[in-house]
Amino acid sequence: MSENDSQWWRDAVIYQVYPRSYADANGDGVGDIAGIRARLGHLRDLGVDAIWMSPWYPSPMADAGYDVADFRDIDPAFGTLAEAEALVEEAHEAGIRMIVDIVPNHISSEHPWFKAALASPDAPERDYFWFRPGRGEHGDEMPTDWRGEFGGTTWTRTGDGSWYLHLFTPEQPDLNWDHPDVRAEFESILRFWFDRGVDGIRIDSAALLLKDPELPEVLDDNPHPFHDLDGVHEVYRSWRRVADSYGGDRALIGEVWMPEVERFANYLRPDELHAAFNFDFLGCAWDPRLMRECVDRTLDAHAVVGAPTTWVLSNHDVTRHVTRYGREDTTFSFDNNLDGTPVDLELGTRRARAAALLSLSLPGATYIYQGEELGLWENENIPPEQFQDPMWGRRGHSRDGCRVPLPWTGDEAPFGFTTATPWLPQPAEWKDRTAQAQTGDPSSMLELYRSAIALRRTESFADFSWLELGRDVLAFCRGQAFACVVNMSGAPIALPAHQSVLLASGPLDGDRLPPDTAVWLRMTS
Ligand code: NOJ
């Protein structure tokens, strides 16, 4: 990490740590900061440029920490603020930047503001939320019929008869972003973390924040009374001013779910966010035409605003892509395959290996969700009574299958993750997917990721252009000297002439590229 590589987020490899499941040092079955510090070497050896840390703040964990009770401290289950500061420092010493997760749309119902708001209808904190009288003669009907982001209703009635809005669970009351105190508080939270040397902020549910104060129903001609309202951009312009006041090397990265690419790109205008997750790519089927369209759409949309593209295959909310790519329907989903859809893990793994080379050589930044580098799949066999995801029970989905603790060492669960029982069970078959088992095995997923990230540092990736190798092949150049070829057809294909193979996602068939396999090539003329 050198002082002058500003704009590092434009082409960084960013690794998402889900602290509950990375490594447990205090033996309670839940991951913690001490565990992350003890296993920071894994990330240094992997070669990542930055860590994005999912929420680690004090929280009742109604939504796995996305219900924050205090943004300026650390949940005791994860450690202390001093440990968090030490981690930032140690990461920096290892050349790794640090991104923390901020959740501005809602806070925990245990946050002091909400407790004060509930305590008295006259409390000034009441205005920090969306308290409204109910409809109907007795006020016992919800103010709107909006459906929640996790399914279910979006209003809960309080003891004094009024209702409050929560787009997620009742334990996550929505903040009123029209209130200047809310805006000032979050700018102060950004400074709190920037002052501690944090290099970036991941912004949860970034397009939600503002609500139409008239609270209209969701109708065909007004589908978004609480999504992507124009005023939200003013919030990010002010956040950008805060970030820029730290010398220009602090990044704001938005979780912006938005099907309309033009509206998505609005968040990335030069005075707003630096980058946003590419959910279009994350959801794209394993299909050469659709993938190519997705890449084009992504490049075009970002070019308009001059923002860097991002490539994301998985995160803590969606089915791991080893599983997704092993199903007949390879598109995005939230659940952990609860309906028992058949999965061909061998096929899924082969495609995930190819996707790793693809996502690490497209122009822009690449995000890796912890465990992707180990080739983990979704644990489909978690007994439902162990589900902790609040989506379960509301939408009939559970995101727990992708949140299972990482396997580090040994032949049996808990695979060095903890000395206790892990908070979610690990599949016994992960004994071949531990970091220890894969280290030094050139055919392993881990070594593929290590080699690819190392090469990415030394290759000079230049301008992107498609290489035409047939309808079912995704192939592109980065300048004159480098090409990536992904065979998405059902049959082996001939590799282009005048090249040498830098890295392959699987064994080649002579000089032919087998199906669902990718290569990086050095073009020689
Ligand atoms: C998006 C987060 O990624 C997800 O895990 C969370 O449940 C929702 N936002 C609500 O905060």
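Whatever order the structure lists them in is the order used to number ligands and atoms, beginning at 1.
- Ligand 1 has at least one atom lying under 4.0 Å from a heavy atom of H106.
- With contacts defined as side-chain heavy-atom distances shorter than 4.5 Å, the pair P407/L374 qualifies.
- The nearest heavy-atom contact from the protein to atom 3 (O) of ligand 1 is D317 OD2, 2.5 Å.
- Contact atoms of ligand 1 toward R399: 4 (C), 5 (O), 6 (C), 7 (O) (distance under 4.0 Å to a heavy atom of the residue).
- The closest approach between any non-hydrogen atom of R202 and ligand 1 is below 4.0 Å.
- The aromatic rings of Y367 and W52 lie perpendicular to each other, with more than 60° between the two planes, well past the 30° mark.
- With a 4.0 Å heavy-atom cut-off, ligand 1 is reached by the side chain of R403 but not by its N, CA, C or O.
- Using a 3.5 Å distance cut-off with no hydrogens or angles, the side chains of H302 and T309 do not pair a donor with an acceptor.
- A donor and an acceptor atom, one from each side chain of Y246 and D195, are located under 3.5 Å apart.
- Looking only at protein heavy atoms, the nearest one to atom 1 (C) of ligand 1 is D204 OD1, 2.9 Å.
- Regarding atom 8 (C) of ligand 1, its nearest protein heavy-atom neighbour is F168 CE2, 3.8 Å.
- Within the structure, ligand 1 lacks E149 among the residues with a heavy atom less than 4.0 angstrom away.
- The closest side-chain donor-acceptor pair between Q370 and S21, if any, does not fall under 3.5 angstrom.
- Those atoms of ligand 1 with a heavy atom of F150 less than 4.0 angstrom away are 7 (O).
- Separation of atoms CD1 (I107) and CG (D67) is listed at 10.5 Å; rounding is to 0.5 Å.
- Regarding atom 7 (O) of ligand 1, its nearest protein heavy-atom neighbour is D63 OD2, 2.6 Å.
- Looking at F114 and Y164, their side chains come closer than 4.5 Å, going by heavy atoms from C-beta outward.
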